[in-house]
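Structure first, then comments.
All values below were derived from every heavy atom in this structure, side-chain atoms included, with hydrogens, water molecules and symmetry-related copies excluded. Lettering follows sequence order; numbering is per chain, from 1.
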2 protein chains.
Amino acid sequence: MADVGRIAGVSAMTVSRALKGKSYIAKDTLERILAAVDQLGYVLDQSAGSLSSRRSGFIAAIVPSIDNSNFADTARGITDTLAQTSMQLLLGYTNYSVEREEELIESMLRRRPEGIILTGGKHTSKARVLLANAGIPVIETWDVPENPVDAVVGFSNTDAMEALVDSLVAQGYSRFGFITGSEASDTRGHQRHIGFDRALSRHGLTSNRVVAIEAVPIRMSHGGEAIRALLERYPDTDVAICVSDLPAFGAIMECKRMGLVVPRDIAIAGFGDYEIASISEPGITTVNVDSYGIGAQAAGQMIAMLENRGTAATITTSYHMLHRGST
Amino acid sequence: MADVGRIAGVSAMTVSRALKGKSYIAKDTLERILAAVDQLGYVLDQSAGSLSSRRSGFIAAIVPSIDNSNFADTARGITDTLAQTSMQLLLGYTNYSVEREEELIESMLRRRPEGIILTGGKHTSKARVLLANAGIPVIETWDVPENPVDAVVGFSNTDAMEALVDSLVAQGYSRFGFITGSEASDTRGHQRHIGFDRALSRHGLTSNRVVAIEAVPIRMSHGGEAIRALLERYPDTDVAICVSDLPAFGAIMECKRMGLVVPRDIAIAGFGDYEIASISEPGITTVNVDSYGIGAQAAGQMIAMLENRGTAATITTSYHMLHRGST
DNA sequence: CTGTTAGCGCGTTCAC
DNA sequence: GTGAACGCGCTAACAG
């Protein structure tokens with residue numbers, strides 16, 4: 001930067017101001033500086049800048065998996081919204097492990113992010129301490145935790161699943177199966193299971209037709225295994241709800257291979273409204289949860305909090321049922 | 001850090017050494033330091049550290065989209081491999097725009113990454129200048145560019161598509177259609193199209209049955225539109241190759257809706273071996289391209305280059321045909 | 001509109 | 001094994 005200044009015949013400070021674009025600089029001074037920047041191929045060193053200004057320009061975000069279009073959409077929502085500011089996203093994924101989350105939080109805090117966006121409300125106690133000490137806005141997403149760290153942008157997975165069950169009961173189904181993954185790891189899956197149970201008991205139905213695949217995350221292929229297991233144990237099941245559209249799709253395809261017709265022989269529903277749910281034939285009945293909007297709103301709330309415009313609000317995001325051919 | 005030192009009764013320097021874990025520290029000194037760190041909830045400030053050590057600990061990676069499981073897998077491969085080191089991934093996506101890539105490169109270079117991993121070999125000239133000036137290892141992936149910037153980890157999309165066409169010709173198909181997206185943006189799609197043309201002319205076949213959807217990126221739903229357009233214009237097409245499995249799946253589902261049986265009435269092949277290709281019924285004939293391995297090998301090569309163990313090598317990654325029920 | 005001074009929080013280097 | 005001095009490249013604060 002000093003080099004640039006030398007060539008342009010100004011001090012480093014003026015170069016700094018010119019490159020920030022926030023202060024008034026004489027037009028010809030600015031031109032000389034930009035010419036020098038071009039000539040040298042100079043690129044600002046933001047790590048030095050952050051040290052001095054005490055603003056890193058980072059927002060950290062941690063999702064369970066990027067290999068899942070719901071969370072990828074959330075990450076996109078965050079990035080796109082952050083693009084309006086000069087903030088940069090520092091993204092990490094936990095593979096659904098709170099221990100890994102703790103490590104990630106620590107390693108990200110070393111970069112002094114100005115805010116941090118997490119998925120869900122389950123964290124190790126050390127993670128909570130780290131977050132508290134960091135003194136930065138924390139936003140938990142994809143859930144409405146009972147004891148939020150700070151702000152929240154999400155929806156009740158329990159309620160959403162209850163609504164799905166209600167609508168299927170209304171359709172006339174009564175022998176419900178549930179296909180899920182490792183609930184110890186996937187807390188949102190666990191919440192959905194709770195919603196499933198609750199809704200069923202409200203309707204006076206039983207709910208022990210459950211297949212839990214102990215794999216993290218649950219994939220399309222697991223849906224196939226699971227539906228076989230479910231139908232073997234409970235052959236009279238008339239509808240199987242899957243914890244996400246991915247296993248739901250796998251289940252539907254497996255049914256096809258088994259010679260069963262969905263939904264005539266067995267109805268199948270998913271959760272999340274992944275693209276496949278609308279494209280698959282039959283289409284998959286599911287719950288749309290606005291994955292992109294969760295990210296966009298979380299980033300928006302973060303920006304507000306950083307500008308002292310917002311406080312630790314809880315923003316509830318919308319979801320809606322999508323009835324398609326699979327039920 | 002000075003605070004920690006004060007509590008532990010040592011200098012900040014000793015704290016720094018203790019936290020790095022590379023130097024010898026008396027056992028009880030170390031314990032006192034760790035206790036103080038715990039007590040204060042101290043977290044290292046890596047931005048200050050990088051400024052001083054002139055090592056940011058960042059590797060930048062830029063992919064076209066994270067909302068695509070192939071590139072998400074590559075990102076996972078990079079992260080997982082980097083986890084062996086203390087490097088952190090700085091991830092960005094371009095939405096298939098070289099202009100956006102240029103912006104991203106510049107904003108990432110401000111963080112002084114120690115290396116940068118790009119997708120493909122097409123960059124703006126300014127981007128090339130920025131990369132050259134940065135003086136860090138650059139790895140281009142997912143392709144084998146004619147004029148690589150530095151190292152390369154990828155495969156020839158042209159060759160891979162040629163191999164797919166060859167195998168379908170061997171299966172007896174002769175009236176080939178091609179479904180693709182915006183080739184101006186998706187250079188790998190463009191390469192595949194070239195391979196398609198080349199292979200067909202080698203076999204003395206024509207190749208004008210092409211539907212290009214001008215959307216970026218091409219999604220499942222576009223496959224449906226495209227197959228309709230293709231069959232309307234060229235009703236005698238016997239096999240449609242899609243630029244990726246996503247539109248291939250959309251096309252298969254649309255055929256089902258149109259009452260066509262795949263592959264009896266029309267065969268369909270994809271590219272990329274997304275999970276859906278193996279789960280879908282029928283399974284989708286496709287080319288597996290080791291998306292995760294591209295990331296893992298790129299990161300491995302990056303580590304080697306940073307340790308001066310490797311030079312600007314070109315690593316060719318493997319691909320293989322997967323014949324499934326759709327052809 | 002521009003320059004000077006000081007210091008951000010570490011790690012490098014050298015000393016002991 | 002530990003400490004002191006110094007500087008990384010930039011920007012805040014103040015001056016003019």
Side-chain angles (χ1 to χ4, degrees), chain A residues 1-34 36-37 40-58 86 88 106-114 133-136, chain B residues 1-34 36-37 40-58 86 88 106-114 133-136:
Chain A
M1 193 170 214
D3 296 338
V4 174
R6 212 163 297 130
I7 294 187
V10 294
S11 72
M13 193 59 241
T14 307
V15 177
S16 171
R17 280 193 274 248
L19 262 29
K20 279 264 133 30
K22 291 285 174 193
S23 353
Y24 290 98
I25 303 279
K27 190 176 282 175
D28 66 321
T29 311
L30 183 59
E31 278 165 10
R32 285 203 320 276
I33 292 175
L34 294 181
V37 164
L40 291 176
Y42 173 75
V43 175
L44 247 164
D45 186 332
Q46 201 164 169
S47 47
S50 351
L51 183 61
S52 174
S53 67
R54 320 189 49 66
R55 297 205 44 198
S56 67
F58 277 128
S86 55
Q88 215 166 114
E106 177 151 18
S107 78
M108 290 186 155
L109 287 180
R110 284 203 261 271
R111 303 288 184 177
R112 296 292 184 267
E114 300 182 33
N133 286 337
I136 55 177
Chain B
M1 195 167 204
D3 296 339
V4 175
R6 212 163 296 130
I7 295 188
V10 294
S11 71
M13 194 57 246
T14 307
V15 177
S16 171
R17 280 194 274 251
L19 263 28
K20 278 266 135 24
K22 291 285 174 191
S23 352
Y24 290 97
I25 303 279
K27 190 176 282 176
D28 65 322
T29 312
L30 183 60
E31 279 165 9
R32 286 204 319 279
I33 291 174
L34 293 182
V37 164
L40 291 176
Y42 174 75
V43 175
L44 248 164
D45 185 333
Q46 199 162 170
S47 46
S50 352
L51 185 61
S52 173
S53 66
R54 320 191 47 69
R55 297 205 44 200
S56 67
F58 277 128
S86 54
Q88 215 166 113
E106 177 152 18
S107 78
M108 289 184 156
L109 287 180
R110 285 203 259 270
R111 303 289 184 178
R112 295 293 184 268
E114 300 182 32
N133 286 338
I136 55 177

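Across S50(B) and R111(A), no two heavy atoms sit closer than the pair OG-NH1, 4.2 Å.
Every residue meeting the side chain to side chain contact (heavy atoms under 4.5 Å, CB included) condition with L109(A), not counting sequence neighbours, appears here in chain and number order: I105(A), P113(A), L130(A), A134(A), I136(A), V43(B). With sequence neighbours left out, R112(B) forms a salt bridge (Lys or Arg N to Asp or Glu O under 4.0 Å) with D45(A). Applying the side-chain hydrogen bond (donor to acceptor under 3.5 Å, both in side chains) test to Q88(A) and every residue at least two apart in sequence or in another chain returns nothing. Listed by chain and number, the residues in a side chain to side chain contact (heavy atoms under 4.5 Å, CB included) with S11(A) are M13(A), T14(A) (sequence neighbours excluded). By the side chain to side chain contact (heavy atoms under 4.5 Å, CB included) test, N133(A) is found to be paired with V129(A), residues two or more places apart in sequence or in another chain being considered. For R54(B), the salt bridge (Lys or Arg N to Asp or Glu O under 4.0 Å) criterion is met by no residue, not counting sequence neighbours.
When DNA chain C is scanned in the 5' to 3' direction for atoms under 4.0 Å from non-hydrogen atoms of chain A, the outermost contacting nucleotides are dC1(C) to dG9(C).
Once rounded to the nearest 0.5 Å, the distance linking OG of S47(B) with CD of Q46(A) reads 10.5 Å.
For residues 43-50 of chain A, proximity to DNA chain C is found at no residue, defined as any non-hydrogen atom under 4.0 angstrom from a strand atom.
Looking at heavy-atom distances under 4.0 Å, S23(A) makes no contact with the nucleic acid at all.
Remark: R55(A) CZ is loosely packed, at most 12 non-hydrogen atoms of other residues, nucleotides or ligands lying under 6.0 Å away.
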Enumerate, atom names and distances included, each donor-acceptor pair closer than 3.5 Å involving a side-chain atom of residues 24-32 of chain A, sequence neighbours excluded.
unit_1 : atom_1 : unit_2 : atom_2 : d
R32(A) : NE     : A8(A)  : O      : 2.8
R32(A) : NH2    : A8(A)  : O      : 3.1

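Atoms CZ (R55(A)) and C1' (dT11(D)) sit 13 Å apart, rounded to a whole Å. Between R112(A) atom CZ and dT11(D) atom P there is a gap of 19 Å when expressed in whole angstrom units. Rounded to whole Å, the distance from NZ on K22(A) to C1' on dC10(D) is 18 Å. Nucleotide dT2(D) holds its C1' atom 13 Å from the CG atom of D28(B), rounded to whole Å.
Mapping L30(B) and R54(B) onto DNA chain D via the closest heavy atom, the residue that lands nearer the 5' end is L30(B).
Residue pairs meeting the salt bridge (charged side-chain N to carboxylate O under 4.0 Å, His left out) criterion with at least one member in residues 9-21 of chain B, sequence neighbours excluded, do not occur.
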Every protein N/O within reach of nucleotides 3-7 of chain D N/O, cut-off under 3.5 Å:
unit_1 : atom_1 : unit_2 : atom_2 : d
dG3(D) : OP2    : S11(B) : N      : 2.9
dG3(D) : OP2    : S11(B) : OG     : 3.0
dG3(D) : OP2    : T14(B) : OG1    : 2.3
dG3(D) : N7     : R17(B) : NH2    : 2.5
dG3(D) : O6     : R17(B) : NH1    : 3.2
dG7(D) : N2     : S52(B) : OG     : 3.1

